Amino acid sequence: GVLGTVRREKEEAVSSTIVLLDAEVTRRTAHLKDLYLETVLALSAAIEAKNAYTHGHCNRVWSFARAAGERLGLGPDELLELRYACYLHDVGKIHIPDHVLDKAGPLTAEEFAIVQGHPAAGEAILLPIRGFRRVAALVRSHHERLDGSGYPDGLAGESIGLPTRILAVADSLDAMT
């Protein structure tokens, strides 16, 4: 009867509203993801602007890392975190004085110690960003080496996660080429 019709109409209205709300949440989530990426890219451009030598470095690092990450089976969330880390891995270089960063010849031991501080400085810059904890960890560890000779923590072997190893190799490959 009438009550059944009213109930069906209300259920249809509720279902329709849920579909609309779900679409809006999806749209806004995509927008926020776009804003995150745009912010990361802007920071990356600022980092690269400090040193002409590094122009395009982050894009190339991401290109290498993406190919490796996809081939090695990283999931979408890990690839996104790796992408952010590729673009932000040198953010800690903001703390390196220009005369050290732009030095043409070999660095002194003191200057090299300053350079070695950039991964931890980068982590400290990124940690306050909610949702970037794992990105900050990748940035901190991107100069670690499988044999334990890297920095800042001297991690070795399996204690260095796959995304970090991919970032380290991609960064080194771009530096060498």
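The structure presented is a predicted model; accordingly, all values stated were derived computationally and were not measured.
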So, the side chain of [X] versus the backbone of [Y]: is there a donor-acceptor pair under 3.5 Å, distance only?
X      : Y      : answer
Glu48  : Gly56  : yes
Ser44  : Val40  : no
Asp147 : Ser149 : yes
Ser141 : Ala137 : yes
Glu81  : Arg134 : no
Glu144 : Ala156 : no
Ser159 : Leu155 : no

Give a yes or no on whether [X] and [Y] share a hydrophobic cluster (residues Ile, Leu, Val, Met, Phe, Trp, Tyr; joining criterion: side-chain heavy atoms under 4.5 Å apart).
X     : Y     : value
Leu72 : Leu82 : yes
Leu80 : Leu41 : yes
Leu37 : Trp62 : yes
Leu43 : Tyr36 : yes

Give the other cluster members for [X], using side-chain heavy-atom distances under 4.5 Å between Ile, Leu, Val, Met, Phe, Trp and Tyr residues; answer none if it is isolated.
X      : result
Ile114 : Ile96, Val100, Leu101, Leu107, Phe112, Val115, Tyr151
Leu173 : Phe64
Val14  : Ile18

Hey, does [Y] have a side-chain heavy atom less than 4.5 Å from the side chain of [X]?
X      : Y      : answer
His95  : Ile125 : yes
Thr108 : Lys103 : yes
Arg145 : Ser172 : yes
Tyr87  : Ile47  : no
Phe132 : Leu88  : yes

Minimum heavy-atom separation for [X] and [Y], please, with both atom names.
X      : Y      : value
Cys86  : Val61  : SG-CG1, 3.8 Å
Ala136 : Leu126 : CB-CB, 3.9 Å
Gly122 : Val91  : CA-CG1, 3.6 Å
Pro119 : Val139 : CB-O, 3.7 Å

Next on the checklist: One pair to check against side-chain contact (heavy atoms from CB on, under 4.5 Å): Glu9 and Thr5. What are the steps and the verdict?
Outcome noted: CA-CA 6 Å; Glu9 288 175 356; Thr5 302; 3.6 Å; yes
Item to check | Partners passing salt bridge (Lys or Arg N to Asp or Glu O under 4.0 Å) against Glu78 (at least two apart in sequence or in another chain) | outcome: none
Checklist entry - Sequence neighbours excluded, which residues qualify as salt bridge (Lys or Arg N to Asp or Glu O under 4.0 Å) partners of Arg71? => result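 For Arg71, no residue satisfies salt bridge (Lys or Arg N to Asp or Glu O under 4.0 Å) once neighbours in sequence are set aside.
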Item to check | More than 12 heavy atoms of other groups within 6.0 Å of Glu110 CD | outcome: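 Incorrect, the count does not exceed 12.
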Next on the checklist: Check this for me: Lys33, atom NZ, are more than 12 non-hydrogen atoms of other residues, nucleotides or ligands nearer than 6.0 Å?
Outcome noted: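 No - once you tally the heavy atoms of other residues, nucleotides and ligands closer than 6.0 Å, there are 12 at most.
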Next on the checklist: Rounded to the nearest 0.5 Å, what separates atom CZ in Arg83 from atom CG in Leu74?
Outcome noted: 14.5 Å
Checklist entry - What distance do Ile166 atom CD1 and Glu70 atom CD have between them, rounded to the nearest 0.5 Å? => result 10.0 Å
Next on the checklist: Can you classify the ring geometry of His143 versus His118 as parallel (below 30°), tilted (30 to 60°) or perpendicular (above 60°)?
Outcome noted: perpendicular
Checklist entry - Which residue pairs pass the side-chain hydrogen bond (donor to acceptor under 3.5 Å, both in side chains) test when at least one of the two sits in residues 160-171, sequence neighbours left out? => result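 Residue pairs with at least one partner in residues 160-171: His57-Asp171, His89-Asp171.
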Next on the checklist: Tell me whether Glu24 is salt-bridged to Arg27, with the criterion being a basic N under 4.0 Å from an acidic carboxylate O.
Outcome noted: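 Looking at Arg27 together with Glu24, the answer is yes, because their closest N to O distance falls below 4.0 Å.
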